[in-house]
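Right, one structure below, let's go through it.
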Amino acid sequence: MQPREALRQYFGHSDFRRGQHKLIEAVLGGRDVLGVMPTGGGKSMCYQIPALCLGGTTLVISPLISLMKDQVAALTDAGVPAGYINSSLSGEELRDVYRRAYNGEYRLLYVAPERLGAPGFVKLAQTISIPLIAVDEAHCISQWGQDFRPSYLEIADFIDALPQRPVTAAFTATATARVQEDIGRLLRLRGPLREVTGFDRPNLYFEVRTPRSKNGTLLALVRERVGRCGIVYCATRAAVERVCQSLQDAGIPATRYHAGLDEEERRRNQDDFQFDRRTVMVATNAFGMGIDKSNVSYVIHYNMPKSLEAYYQEAGRAGRDGEPADCILLFAPADVETARFLIDNGGSDALSEEEAALVRRRDMERLQAMVGYCRTAKCLRGYILDYFGQPHADACGSCGNCRAKYRAEDITTHAQMILSCAVRIRDALGYGVGKTLLIQVLRGSRDQRVLQLRLDKLPTYGLLAELPESAVRARVEYLEMEGYLKTDPDHGALLLTPQAREVLFRGKTLTMPVRIEQEERAKAGALPPADADLFQALRATRAQIARRRGVPAYVVFSDATLTDMARRAPRTMADFLEVSGVGQTKARQYGEAFLETIAAHAGEK
Ligand code: ADP
Ligand code: MG
Ligand code: ZN
């Protein structure tokens, strides 16, 4: 069978995504590969398709036991014979899986890495035909990665002990060169084709807001997205408790997850989210590894994370189905303090003083970059891709900053006040002061330092008292950017440039672009109202089927597939097969139920 045919027939997709085709061709040509694709990039397809084309049984090594069951259910549903072996199976189930495996019934067999050392499993692997071994989450082999698993180190020996060496294909979302090098070396890949696809996720919309009330903004954002699944990340357990409670009080079906809950509740809450019983998950960063829910349509950060690495990974859990999804960060200057506190108190005892200092310095640099993301007025996507060393266009046109609208505001009077205040301070003290103190004087602050230096006696004291701190700061920074003020690099003092005379004495007017708070953006993936009704009806049908079969809804069909189905509203089985994400087996199994729903919906109109 040809790859494209398999893609169509089993998975109902018409085109390969970036990188997939190349990796699949290499594997089919007998070459090892290392595929580096971002979360949601479609790594699974890169070994599932070859498994279908090659015959025999492809072995998939995956660390995420909790996901194997769903993945295998999804494959079985698509008509691909698949099984898994891990510690969650009962003795009887295990025997059954072994029997089928010996019979060569599976095209794919998922195993946890720990299993590779079990004699019974080694014997099976040495008996059956294994054309391909896929190592998923391959960064687990590296101590430099975030999720080191010692059992991954045994994979290479396991492969060497097989009578015939299978093609070995490794996949990860981790971009750093060091981890990639570890993977190649420790898995002993042979001349692998290394394919690193772009880290850009075009379907993700990025936005940073600095709202006056985070709670109010969060509630509005969640309400606009009612019925869709989202994750709200908070920096601390206490914040998770508070935010989850306030969403629940507002009638939102929210649940929570953090390391302070007992295991039983964590699992229950995770399941509630996984199975769409609760659509909003409020969590600390403890919630993540092992989450493979494809229909998360937004990730809101209630607090700024400590690094862009963490941010991109967490935000990247949105939109794995390829549908438009939103990644919105609610920023407040206090978040920087929280992040600093977490860095200062999060060190490991195992480190020497010197090492700890080094780690802390790196953490602080990462934090700086994260704060830069929150404050930049430039393209947010570009900022992220720069950070990861990836090329990109100047402006993406589809992030919060690229779409922001500005109005021109005449700030001439304010500028005159700011500039003359800086002059007065300098005259009074004999030296210039920094930005913060200047702003305090302009706003009439009763701060100790202001009073001690008697700056409250200046005629310019309190001239801008009616403006919020952020607005005064924005004006000062604008004057600096435009060259009317400059910072003395030695003392950090703000000084006037000769150009300032234009504004103070020659009547030059100044206009500053001021950002208009976003008109509410149409919610991600919004359908026209008629289609949206049908979408809801299709969701109900999907929920029924999922409940009957005891699988998460997205295993039946993803939101992306339902969206396309609502748009096309197929009336015949042939049209149904045209829907993206509908393969032949699923069409046979579910086609009738969905076609009925569509017909009933059309009849009502
Ligand atoms: P990763 O493991 O890289 O994070 P997955 O393999 O879980 O990503 O795939 C993410 C989603 O993308 C899945 O819902 C999958 O069905 C979808 N997908 C993969 N390849 C394609 C494709 N060629 N066309 C459309 N959807 C795809
Ligand atoms: Mg994956
Ligand atoms: Zn942009």
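We count ligands from 1, going down the list as the structure has it; atoms in each ligand are counted the same way.
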Can a cation-pi geometry be assigned to R278 and Y257, taking NZ or CZ under 6.0 Å from the six-membered ring centre and within 45° of the ring axis? no
Any donor and acceptor pair, going by atom type alone, linking the side chain of K214 with main-chain N or O of L330 inside 3.5 Å? yes
Step by step, work out the side chain to side chain contact (heavy atoms under 4.5 Å, CB included) result for F158 and F121. CA-CA 11 Å; F158 169 83; F121 183 75; 3.7 Å; yes
Would you say D321 and S558 are linked by a side-chain donor-acceptor pair, where the criterion is simply a distance under 3.5 Å? no
I'd like to know whether CZ of R18 has more than 12 heavy-atom contacts from other residues, nucleotides or ligands below 6.0 angstrom. no
Within 6.0 angstrom of R185 CZ, more than 12 heavy atoms from elsewhere: yes
Just wondering, more than 12 heavy atoms not from R266 lying within 6.0 Å of its CZ? yes
Protein N/O/S atoms closer than 2.8 Å to the Zn ion (ligand 3), ordered by chain and number, come to C379 SG, C396 SG, C399 SG, C402 SG
When you look for protein heavy atoms under 4.0 Å from ligand 1, which residues do they belong to? H13, D15, F16, R17, Q20, P38, T39, G40, G41, G42, K43, S44, M45, R320
Can you tell me if E592 has over 12 outside heavy atoms packed within less than 6.0 Å of its CD? no
State whether K293 and D70 are salt-bridged, where the test is any N-O pair (Lys NZ or Arg NE/NH1/NH2 against Asp/Glu carboxylate O) under 4.0 Å. no
